[in-house]
Amino acid sequence: MRSANLLNVFAFKYVFGEDCKEANDALKSLLTVFLERKVVNVHVTNMGVDPLLEIIVEFDDNTKMKLAIFINQNRLKLQYLSEFYLMKLYGS
């Protein structure tokens, strides 16, 4: 039996973008690893078929950011959408 490629847009959104506790926990764990910060809450703001998953992320220090995950040709790209987070990240 062949396993699904989780970087496929539909499979990725099915696993991490569903509106259920299991998908939410999986997405929090994935983002905690990628962002190297403890993620305590995530909210997916779009569920379309485009290769983009928009998420509002809340960290353990009560800061929030809007994040987009682009899924393109078996690669994930995180795009920070919050200017506040970028200013905080670079100290300006």
Side-chain angles (χ1 to χ4, degrees):
M1 180 176 161
R2 297 177 69 183
S3 60
N5 180 356
L6 290 181
L7 298 180
N8 174 285
V9 175
F10 298 109
F12 186 89
K13 281 191 155 186
Y14 180 77
V15 171
F16 295 103
E18 286 292 310
D19 187 20
C20 65
K21 182 183 179 335
E22 292 82 6
N24 193 279
D25 289 344
L27 186 56
K28 283 191 290 190
S29 297
L30 179 72
L31 291 175
T32 295
V33 170
F34 280 160
L35 300 173
E36 298 178 348
R37 291 182 65 189
K38 177 67 176 166
V39 174
V40 294
N41 193 18
V42 293
H43 175 69
V44 176
T45 59
N46 76 324
M47 289 305 299
V49 294
D50 58 337
L52 172 69
L53 191 64
E54 291 181 2
I55 306 161
I56 297 174
V57 181
E58 184 178 346
F59 298 102
D60 59 348
D61 61 359
N62 292 327
T63 58
K64 293 182 181 180
M65 69 178 225
K66 192 168 184 181
L67 178 73
I69 300 177
F70 295 97
I71 307 141
N72 189 7
Q73 296 182 1
N74 296 334
R75 294 179 187 217
L76 294 180
K77 179 181 178 185
L78 299 179
Q79 179 69 46
Y80 303 104
L81 300 178
S82 170
E83 291 179 12
F84 171 76
Y85 180 76
L86 289 175
M87 289 188 310
K88 184 174 180 179
L89 185 66
Y90 292 110
S92 24

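Below, each value reflects all heavy atoms present in this structure, side chains not excepted, and no hydrogens, waters or symmetry copies. Throughout, numbering of the chain's residues begins at 1 and tracks the sequence.
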Interatomic spacing from [atom1] in [X] to [atom2] in [Y] - rounded to 0.5 Å:
X     : Y     : atom1 : atom2 : answer
Ile56 : Lys66 : CD1   : NZ    : 6.0 Å
Thr45 : Leu53 : OG1   : CG    : 8.0 Å
Asn41 : Lys28 : CG    : NZ    : 6.5 Å
Asp25 : Phe16 : CG    : CZ    : 11.5 Å

_Cluster link Phe34 to Met65, ILVMFWY, side chain under 4.5 Å_ = yes

I want to check something: taking the side chain as every heavy atom from C-beta on, are [X] and [Y] in contact at a cut-off of under 4.5 Å?
X     : Y     : answer
Asn24 : Glu22 : no
Val57 : Arg37 : no
Glu18 : Leu27 : no

_Applying the side chain to side chain contact (heavy atoms under 4.5 Å, CB included) criterion to Phe59, which one of Thr32, Val39, Leu31 satisfies it?_
Val39

*Could you pull out all residues at least two apart from Asp60 that satisfy salt bridge (charged side-chain N to carboxylate O under 4.0 Å, His left out)?*
none

